[in-house]
Amino acid sequence: MKTLKFKTNINCSGCVAKVTPFLEKLQGIKWSVNTETPDKILEVTGENISEDAIIEIVKRAGFKIEPLQNSFFKKLFS
């Protein structure tokens, strides 16, 4: 199983409800959003998941998203 983590602006239960139909279209994944953290972490787990596909789906739902690793490295080297 592969797990990907993303920084998002999905910050409340209403936002989670809005993105749910979009993420549910992807077969074979499990996902959750931790709205309690400042980075609003979206975690996606599955066998054949694509970082690009997750980013595209979340953007279509109207939210900002970036891979968590990029956020970490930007903070380290900026």
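Values below: every heavy atom of this structure, side chains too, minus hydrogens, waters and symmetry copies.
- Residues Val58 and Lys64 approach most closely at CG1-O, 4.5 Å, considering heavy atoms.
- Put simply, CG on Leu26 and CD1 on Ile54 are 5.0 Å apart, with the number rounded to the nearest 0.5 Å.
- Summarising the geometry of Ser50 relative to Leu4, their closest heavy-atom pair is C-CD1, 4.2 Å, with the distance given to 0.1 Å.
- Scanning all heavy atoms of the two residues, the minimum distance from Glu51 to Pro67 falls at OE2-CG, 3.5 Å.
- Once rounded to the nearest 0.5 Å, the distance linking OG1 of Thr3 with NZ of Lys30 reads 11.0 Å.
- Of the residues listed (Val33, Ile41, Ile55), the one engaging Phe6 in a side chain to side chain contact (heavy atoms under 4.5 Å, CB included) is Ile55, and it is the only one.
- Of all heavy-atom pairs spanning Val44 and Leu42, the tightest one is CG2-CG, 3.9 Å.
- Here CD1 of Ile10 is found 5.5 Å from CZ of Phe63. Values are rounded to the nearest 0.5 Å.
- Minimum interatomic distance between Asn11 and Lys40 (heavy atoms only, all atoms of both residues): CB-CE, 3.6 Å.
- One distance of note links CZ of Phe22 with CD of Glu56; it measures 11.0 Å at 0.5 Å rounding.
- Once rounded to the nearest 0.5 Å, the distance linking OG1 of Thr8 with CD of Glu43 reads 12.5 Å.
- Interatomic distance, CE of Met1 versus CD1 of Ile29, reported as 11.0 Å (0.5 Å rounding).
- Taking every heavy atom of both residues into account, Lys2 and Glu47 meet most closely at CB-O, 4.5 Å.
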